[in-house]
Amino acid sequence: TTDAKADPADLQKMLSAAVDKSFNMCTVDGDTSTNDSIFLLANGASGVEIKTEEDKKAMADLVLAICTDMARRVASDGEGATHLIEVEAYGLPTEHDARLVAKSIAGSMLFKAAVFGRDANWGRILCAIGYTPGDFSIDKVSVRIASKAGEVFVCENAAYHPFSEDEAYAVLGEHDILVKVDMGTGEASGKAWGCDLTYDYVKINGDYRT
């Protein structure tokens, strides 16, 4: 909601663009409720008009920032989650490819389980890249996993890069985990957000009754 005064068509354009890069890049378990909705409501009470192209750009940036923050919180608050996983895929031919790769990794059940077990299982990351639709090569892919505790370089040119298991275990002990994937085949990038897969996820959803 906002008390700014703006044209509904402009607001719809801003919201659609923001949702595409935020909520649509957020995944907990791949299921999406038919009731999932987002609205941007403006009552104009402040009298501040969003009229110039500069104003629209500033407003659009704010809408994107707010949607991104909320999408991250949704992923972080997934059922039974103990980690927020942010995947940054770059070095791809198109933004579309980059976003597909990022979301594929963030949604991989095997990788989500690995994060819960604090295992830097780069093979599961490459597996998720491998089944992502798109025309790109994985020959140059490199993977780094980072958090407040540091960063480990786990994969180079689609193969094992020597790293310390103890360091990786410490990095994966933090709540916020960043997975950086460089495909080395272009200039485009994309981000996605997910969470780990825990015992509690099964318990919460197994105990649930309609």
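Because only heavy atoms are used, hydrogens play no part in the values below, and waters and symmetry mates are left out as well, while side chains stay in.
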Requested in this report: Would you check, one step at a time, whether the test side chain to side chain contact (heavy atoms under 4.5 Å, CB included) holds for F116 with L197?
Outcome: CA-CA 6 Å; F116 174 60; L197 179 62; 5.7 Å; no

Of the non-hydrogen atoms in [X] and [Y], which two are nearest, and what is the gap between them?
X    : Y    : answer
A75  : C195 : O-CB, 3.1 Å
A120 : A168 : CB-CB, 3.8 Å
Y131 : S108 : OH-CB, 3.7 Å
K51  : D55  : N-OD2, 3.6 Å
T185 : P93  : OG1-CD, 3.6 Å
A158 : I138 : CB-O, 3.2 Å

Report summary line: Exactly one of D200, N205, T198 clears side-chain contact (heavy atoms from CB on, under 4.5 Å) with E79, and that residue is N205

Please examine the side chains of [Y] and [X], heavy atoms only from C-beta on, and report whether any two atoms are closer than 4.5 Å.
X    : Y    : value
L178 : E88  : yes
V101 : F136 : yes
S76  : H175 : yes
M183 : K140 : no
M59  : T2   : yes
V63  : C67  : yes
H83  : D176 : no
D29  : Y201 : yes

Out of curiosity, [X] [atom1] to [Y] [atom2], how far, rounded to the nearest 0.5 Å?
X    : Y    : atom1 : atom2 : answer
L62  : L64  : CG    : CG    : 9.5 Å
L126 : Y160 : CG    : OH    : 14.5 Å
L172 : R118 : CG    : CZ    : 7.5 Å
M70  : D77  : CE    : CG    : 14.0 Å
I105 : T132 : CD1   : OG1   : 6.5 Å
K112 : T27  : NZ    : OG1   : 6.0 Å

Strictly distance-based, threshold 3.5 Å: is any side-chain N or O of [X] a donor or acceptor partner for the main-chain N or O of [Y]?
X    : Y    : value
R99  : D20  : yes
D196 : T82  : yes
S37  : N35  : yes
D182 : S142 : no
S147 : V171 : yes
S104 : L100 : no

Is there a continuous path of hydrophobic side-chain contacts, each under 4.5 Å between heavy atoms, that joins [X] to [Y]?
X    : Y    : value
L92  : W193 : no
V115 : Y169 : no
I38  : M14  : yes
L11  : I66  : yes
I129 : I177 : yes

Requested in this report: For side chain to side chain contact (heavy atoms under 4.5 Å, CB included), just list the numbers for V19 and L15, CA-CA rounded to whole Å, side-chain angles, deciding distance to a tenth of an Å, and then say yes or no.
Outcome: CA-CA 6 Å; V19 166; L15 184 62; 4.0 Å; yes

**Report entry** Steps toward side chain to side chain contact (heavy atoms under 4.5 Å, CB included) verdict (V179, E86)
**Finding:** CA-CA 6 Å; V179 179; E86 178 173 328; over 6 Å; no

Pair [X] + [Y], salt bridge at N-O below 4.0 Å:
X    : Y    : answer
K56  : E53  : yes
K21  : E95  : yes
D207 : K203 : yes

Query raised in the report: Any chance CG of D135 has more than 12 other-residue heavy atoms, nucleotides or ligands included, within less than 6.0 Å?
Result: no

**Report entry** Ring-face cation of R124 near F111 (centre distance under 6.0 Å, axis angle within 45°)
**Finding:** no

Report task. Given side chain to side chain contact (heavy atoms under 4.5 Å, CB included), test I125 with V181 step by step and report yes or no. Result -> CA-CA 9 Å; I125 295 172; V181 178; 4.2 Å; yes

Requested in this report: Give the ring-plane orientation class for F153 versus H161, where under 30° counts as parallel, over 60° as perpendicular and anything between as tilted.
Outcome: parallel

